[in-house]
Amino acid sequence: MQKYLAWLARVLGVVAGLATALPATAADPQTIRIAVVAMQAAGKPGFFGAPAYIAQDSKLKAELDQRHVSIEWVPISPASVASLVNEDFTSHRIDFAFYGDLPSIILNASGFQTRLVAPGNVGNNVYLVVPPASTAKSIAALKGKRIALHRGRPWEVSFGKLLAANGLKVTDFRIVNLNPQAGASALVAGSVDAFFTLDDAYLLGDKGLGRVIWSSQSAPLDWKMRAELWGTQEFVQQHPDLTQLLVTADLRAVAWISQDNNRQQYIKDLAERYGYPESVIQRESDNPNISWKDYWSPLYTPSVTRHYEAVVTYARDAGLIRNDVDVKSLIKPEFVAAGLKQLDLGTYWVARAGQ
């Protein structure tokens, strides 16, 4: 984190005076409330990834201080991110959230409107884990078996893609709806035959408590689960200037993270805040099909729209939503476009072929 702050100071020294805070359009709120996934460390919630760097962004703080606006980071337990964030949105307790694709679609299908103002990275990997003694080597071998899966979480879409690719349906399995912590416990206790989860799969494997038989690292990039920066439609419409300041700060953070010479420092920072061994973060970040820089691309490529259209289709077919969602109306690319121009990053990321 110290390396990031030093880099940020140099960058802001170069651009000082070139950009001024945008004028207010509606009366500024006293606080911008942003939900982030947080882990307990030393009795206090700590968050990680790009939000952790945004929280240290002196440029953003100075711009907000000029307007007498502060940021409140709202910690969300990783056990129930989807439901807690959606509840906070609908209860008007937050204005923005860094969270996943499927719960975002479920929320908009319910009638509450949010907008995607900054894409996250290409996506996190998902893993299918079985007990060490299991003879299963593929999802097909688990047909009719009990699989722990937290319904409504982003990785459920990836699970659906894995099933479809193998000619299978959710009804071919006995799905046990458990959050990741409970799912891991159920696998270890033998209460389920498999567990579909995130990088905690490595923890199970390293302890000899599970064996990964499939991961999205070997699948197309759009099989990964995405998480983005979402804001309420009301806030984004009423305060486009404040939204821009937040998105630009996000781009500054992502630009630093995406540099190859900062990769190990980022992994170290993430491991410390996440409470995971660096080896787990390192393995999760290994993506043979894409460079580290491109992995962090915030560009609104057609693949982003296609991804969310696929999420809508899955959610509807799985009975998670009843109403269709117009994906194109959710996406607000103008903030990233303006931020990249302001930061002179217009050519830093280039859309890859097929995106």
Side-chain angles (χ1 to χ4, degrees), residues 22 24-37 50-51 54 69 71-74 76 80-120 123 151-154 156-157 225-250 298-339:
L22 295 170
T25 52
D28 287 345
Q30 291 184 330
T31 306
I32 303 173
R33 302 157 301 172
I34 309 173
V36 285
V37 179
I54 295 172
V69 177
I71 289 181
E72 176 187 353
W73 296 96
V74 180
I76 301 295
S80 301
V81 176
S83 59
L84 292 175
V85 170
N86 283 353
E87 287 172 9
D88 280 354
F89 266 135
T90 56
S91 299
H92 302 282
R93 290 193 289 263
I94 58 174
D95 307 300
F96 293 91
F98 287 88
Y99 83 135
D101 45 25
L102 181 56
S104 304
I105 292 301
I106 292 173
L107 177 63
N108 280 274
S110 75
F112 190 91
Q113 295 296 298
T114 58
R115 295 295 180 260
L116 197 171
V117 296
R151 301 299 306 273
R153 300 292 289 273
E156 182 177 345
V157 178
M225 55 148 281
R226 294 187 64 100
E228 333 277 1
L229 176 57
W230 291 81
T232 66
Q233 179 187 32
E234 180 181 15
F235 190 100
V236 172
Q237 286 184 339
Q238 293 184 358
H239 306 288
D241 44 349
L242 293 177
T243 302
Q244 184 65 64
L245 293 179
L246 179 58
V247 171
T248 302
D250 178 69
L299 301 181
Y300 282 92
T301 60
S303 63
V304 175
T305 301
R306 292 195 300 269
H307 176 87
Y308 276 92
E309 288 173 343
V311 173
V312 172
T313 298
Y314 174 83
R316 185 181 60 246
D317 293 346
L320 297 174
I321 62 174
R322 295 182 179 180
N323 303 317
D324 268 333
V325 176
D326 179 11
V327 170
K328 292 181 179 179
S329 70
L330 303 183
I331 294 175
K332 302 290 287 182
E334 59 265 32
F335 298 107
V336 166

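Remember, predicted model here, so these are calculated numbers, not experimental data.
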Asker: Sequence neighbours excluded, which residues qualify as side-chain hydrogen bond (donor to acceptor under 3.5 Å, both in side chains) partners of Tyr314?
Answerer: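 In terms of side-chain hydrogen bond (donor to acceptor under 3.5 Å, both in side chains), with neighbours along the sequence ignored, Tyr314 is linked to Glu156.
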
Asker: Just list the side-chain donor-acceptor pairs under 3.5 Å for residues 325-339, sequence neighbours left out, or say none.
Answerer:
residue: Asp326; atom: OD1; partner: Lys328; partner atom: N; Å: 3.4
residue: Ser329; atom: OG; partner: Asp326; partner atom: O; Å: 2.6
residue: Lys332; atom: NZ; partner: Glu334; partner atom: OE2; Å: 3.2

Asker: For Arg33, what residues pass the salt bridge (charged side-chain N to carboxylate O under 4.0 Å, His left out) criterion, not counting sequence neighbours?
Answerer: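 Partners of Arg33 by the salt bridge (charged side-chain N to carboxylate O under 4.0 Å, His left out) criterion, ordered by chain and then number, come out as Asp95.
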
Asker: Got a sec, which residues hit side-chain hydrogen bond (donor to acceptor under 3.5 Å, both in side chains) with Glu309, two or more places apart in sequence or on another chain?
Answerer: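 Residues passing side-chain hydrogen bond (donor to acceptor under 3.5 Å, both in side chains) with Glu309: none at all.
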
Asker: According to the salt bridge (charged side-chain N to carboxylate O under 4.0 Å, His left out) rule, which pairs have a member within residues 107-120, sequence neighbours left out?
Answerer: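 Listed once each, the pairs would be none.
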
Asker: Quick one, Pro29 and Leu242 - any side-chain contact, counting heavy atoms below 4.5 Å?
Answerer: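 Yes, at least one pair of side-chain atoms sits under 4.5 Å.
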
Asker: Check whether any side-chain heavy atom of Leu102 sits under 4.5 Å from a side-chain heavy atom of Ile106, and report yes or no.
Answerer: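 In contact.
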
Asker: What salt bridge (charged side-chain N to carboxylate O under 4.0 Å, His left out) pairs are there with at least one residue in residues 100-114, not counting sequence neighbours?
Answerer: none

Asker: Are any non-hydrogen side-chain atoms of Ile105 and Leu320 less than 4.5 angstrom apart?
Answerer: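 Of all side-chain heavy-atom pairs linking Leu320 with Ile105, none is under 4.5 Å.
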
Asker: Suppose we screen for salt bridge (charged side-chain N to carboxylate O under 4.0 Å, His left out). Which residues come up paired with Arg153, at least two apart in sequence or across chains?
Answerer: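 Counting only residues at least two positions away or on another chain, Arg153 forms no salt bridge (charged side-chain N to carboxylate O under 4.0 Å, His left out).
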
Asker: Under the rule for side-chain contact (heavy atoms from CB on, under 4.5 Å), what residues qualify as partners of Thr114, not counting sequence neighbours?
Answerer: Phe89, Leu107, Asn108, Phe112, Trp230

Asker: Considering non-hydrogen atoms only, spot the tightest contact between Pro103 and Gly152 and give its length.
Answerer: CD-O, 3.6 Å

Asker: Provide the closest heavy-atom pair for Asn323 versus Ala109 in the form atom of the first, atom of the second, distance.
Answerer: ND2-O, 3.2 Å

Asker: For Asp324, give me all partners under side-chain hydrogen bond (donor to acceptor under 3.5 Å, both in side chains), at least two apart in sequence or on another chain.
Answerer: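 With neighbours one apart ignored, the set is Arg316.
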
Asker: Taking the side chain from Glu228 and the backbone from Gly120, do they hold a donor-acceptor pair closer than 3.5 Å?
Answerer: yes

Asker: Under a 3.5 Å cutoff, is there a donor and acceptor pairing between the side chains of Ser83 and Glu87?
Answerer: no

